[in-house]
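What follows is a single structure, written as structure tokens, with notes after it.
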Amino acid sequence: MDRIISKLLIYGDIPEDTIIMQLAAVYRDYHSGDYSKEDLTARVYKQIKRLLVLGTSCAFDKNLWHNYLTYLLIMDENPFSLTCEKVGSKEGSVNHFAQSDFSCFKQLFEYDFSELEEALGIDCFSCITDYKAIDKPELMYNKNVSEKVRSLSEKLEKSPTVEDYFKNITCFYKDIGVGEFGLNRAFRIHEEGSGILFNPINNMDAVVLSDLVGYEIQKKKLVDNTKAFVEGKKANNVLLFGDSGTGKSTSIKAIVNEFYGDGLRMIEIYKHQFQLLSQLISQIKNRNYKFIIYMDDLSFEEDESDYKFFKAVIEGGVETKPDNILIYATSNRRHIIRETWKDRRDVEQDGDIHRSDTMEEKLSLANRFGVTIGYYKPSRIEYYEIVKELAMKEKIILPEEELLKEADRWELNHGGISGRTARQFVNYLISTRN
């Protein structure tokens with residue numbers, strides 16, 4: 001195994017602490033003849049346990065070894081894989097080196113562990129190459145990763161030649177992508193050292209726009225802008241504003257779910273991370289995806305000045321804003337920044353001489369969003385319609401008069417009329433009838 005791995009060139013930068021490198025070290029010591037059987041067995045079991053943990057988090061099945069090798073190929077962001085992500089496989093000398101590496105991976109796919117198992121008196125490799133995973137709820141694993149890894153793994157198992165390997169892998173890079181961005185649809189970020197790390201948001205709500213009852217005009221404006229964006233046409237930053245519980249955040253999640261197959265990804269950031277925006281944009285501007293930088297419940301108090309930095313970043317800096325990045329934000333405030341009556345006075349004795357200019361500066365932040373969409377609380381009749389449609393979708397059989405009477409009673413004690421209140425009410429009905 002160590003000999004095969006040493007021949008890797010494009011995919012050769014595998015960290016020493018990975019499962020495959022640790023198993024290669026086991027084989028190296030085994031072939032040296034100078035080893036302790038107990039020590040090698042313990043080292044093998046440690047790596048098998050790590051493989052089982054990975055397999056559980058990604059719901060791998062059947063041949064965990066093949067799934068793991070496929071996972072390595074998918075996650076390796078190197079010049080070759082990143083180029084294939086953008087333009088697919090093209091004629092070039094680099095293909096020779098890629099095919100050589102894929103030949104090594106084909107050998108690793110077909111690796112025979114029986115000699116080591118017999119020498120150590122173990123059978124763990126036989127188990128992981130014919131593994132029967134326990135069915136588990138989707139919340140326990142990353143469904144996106146599982147489906148894509150297992151699908152490519154099965155294709156590679158059926159690939160008789162290195163040329164077939166090359167075709168299947170490069171097509172995956174072009175159609176799906178490479179690394180975390182290829183496998184996941186939504187991310188949060190955190191700062192580590194001098195860089196930014198992307199943390200996938202596993203199992204994001206599988207909501208679609210049809211789940212949001214009403215707000216058809218708002219949804220259409222959001223879909224039209226996003227559709228233009230993923231198609232490479234001109235599109236605008238979007239601000240969704242209005243009352244709480246009206247579906248602003250749900251609309252953003254639904255948009256990401258519906259356009260994920262078109263290469264749309266979402267990165268959620270918080271207000272305290274605004275200083276990372278420039279660095280974030282520099283890391284994703286050359287990837288072959290469309291990114292929505294998402295800010296939920298965005299607002300600034302009167303005495304906060306962070307909005308000035310944010311305003312400069314989203315539009316108006318020296319560097320041209322990348323075409324593959326838009327900012328979508330939700331806010332309960334139409335102009336994001338809290339306004340007071342004194343903002344409306346042109347002159348105050350002890351205040352800003354040109355207060356109207358100050359107000360315009362604050363309002364200009366909202367103007368940086370080319371599309372603004374208002375989400376307002378529904379009327380009582382609209383609230384009833386939302387309740388009835390949600391109840392119908394959940395197959396709740398209840399006389400309409402009784403249903404609406406209960407809905408009225410619920411909203412009086414749970415925050416008033418809104419789409420969120422209707423959803424919570426229907427959830428209550430589901431729980432009390434099961």
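Numbering of residues begins at 1 and proceeds along the displayed sequence.
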- Query: Which is it for Lys106 and Glu110 under the salt bridge (charged side-chain N to carboxylate O under 4.0 Å, His left out) test, yes or no, and what are the steps along the way?
  - Reply: CA-CA 6 Å; Lys106 190 173 187 301; Glu110 300 165 356; 2.6 Å; yes
- Is the NZ or CZ atom of Arg185 positioned over Tyr260's six-membered ring, under 6.0 angstrom from the centre and within 45° of the axis? yes
Do the non-hydrogen side-chain atoms of [X] and [Y] ever get within less than 4.5 Å of each other?
X      : Y      : result
Val149 : Cys58  : no
Tyr376 : Thr246 : no
Phe187 : Phe181 : yes
Asn184 : Phe198 : no
Val213 : Glu385 : no
Leu64  : Leu52  : yes
Lys393 : Asp211 : yes
Val426 : Arg423 : yes

- Query: Please walk me through it: do Thr70 and Asn67 pass side-chain hydrogen bond (donor to acceptor under 3.5 Å, both in side chains)?
  - Reply: CA-CA 5 Å; Thr70 303; Asn67 291 169; 5.5 Å; no
[X] and [Y] ion-paired at < 4.0 Å:
X      : Y      : result
Arg287 : Glu77  : yes
Glu154 : Lys158 : no
Asp408 : Arg380 : yes
Glu406 : Arg409 : yes

- Note on the structure: Sorted by chain and number, sequence neighbours left out, side-chain hydrogen bond (donor to acceptor under 3.5 Å, both in side chains) with Asp101 holds for none
Enter the distance from [X]:[atom1] to [Y]:[atom2] here, rounded to the nearest 0.5 Å.
X      : Y      : atom1 : atom2 : result
Cys104 : Ile5   : SG    : CD1   : 9.5 Å
Met295 : Leu239 : CE    : CG    : 11.0 Å
Ser153 : Trp65  : OG    : CH2   : 12.0 Å
Glu157 : Asn168 : CD    : CG    : 11.5 Å
Asp61  : Arg150 : CG    : CZ    : 4.5 Å
Asn427 : Arg420 : CG    : CZ    : 12.5 Å

- Kindly determine whether Ile20 and Leu69 satisfy side-chain contact (heavy atoms from CB on, under 4.5 Å), including the steps that lead there. CA-CA 9 Å; Ile20 191 170; Leu69 293 175; 3.7 Å; yes
- Task: Can you establish whether the number of heavy atoms outside Lys227 located under 6.0 Å from its atom NZ is more than 12?
- Result: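 Counting neighbours around NZ of Lys227, 12 or fewer heavy atoms of other residues, nucleotides or ligands fall under 6.0 Å, so no.
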- Message: Set out, in order, the CA-CA distance, both residues' side-chain angles and the distance that settles salt bridge (charged side-chain N to carboxylate O under 4.0 Å, His left out) for Lys405 and Glu402, then state yes or no.
- Response: CA-CA 5 Å; Lys405 186 177 180 180; Glu402 183 180 349; over 6 Å; no
What is the minimum heavy-atom distance between [X] and [Y], and which atoms define it?
X      : Y      : answer
Leu212 : Tyr375 : CD2-CE2, 4.2 Å
Thr372 : Phe241 : CB-CE2, 4.1 Å
Lys377 : Ile417 : CD-O, 3.5 Å

- Query: Taking it one step at a time, do Tyr328 and Asn225 satisfy side-chain contact (heavy atoms from CB on, under 4.5 Å)?
  - Reply: CA-CA 11 Å; Tyr328 282 18; Asn225 190 74; 3.0 Å; yes
- Message: Ile269 vs Ile189, test: side-chain contact (heavy atoms from CB on, under 4.5 Å). Steps then yes/no.
- Response: CA-CA 7 Å; Ile269 73 166; Ile189 64 171; 3.9 Å; yes
- Kindly assign one of parallel, tilted or perpendicular to the pair Phe109 and Tyr165, based on the angle between their ring planes and the thresholds 30° and 60°.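 Phe109 and Tyr165: perpendicular rings.
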- Query: With under 30° as parallel and over 60° as perpendicular, where do the rings of Tyr289 and Phe291 fit, or are they tilted in between?
  - Reply: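 Perpendicular.
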- Message: Checking side-chain polar atoms at under 3.5 Å, does Asp296 have a donor or acceptor matched by the opposite partner on Ser249?
- Response: yes
- Task: Using the side-chain contact (heavy atoms from CB on, under 4.5 Å) rule, take Leu222 and Leu240 through it: C-alpha gap first, then chi angles, then the decisive distance, then the call.
- Result: CA-CA 9 Å; Leu222 189 60; Leu240 284 66; 4.2 Å; yes
- Task: Tell me whether the centres of the aromatic rings in Tyr68 and Phe60 are closer together than 6.0 Å.
- Result: no
Throw together a table of side-chain donor-acceptor distances under 3.5 angstrom for residues 171-178, partners on residues two or more places apart or in other chains.
residue: Tyr173; atom: OH; partner: Tyr11; partner atom: OH; Å: 2.8
residue: Tyr173; atom: OH; partner: Leu73; partner atom: O; Å: 2.7

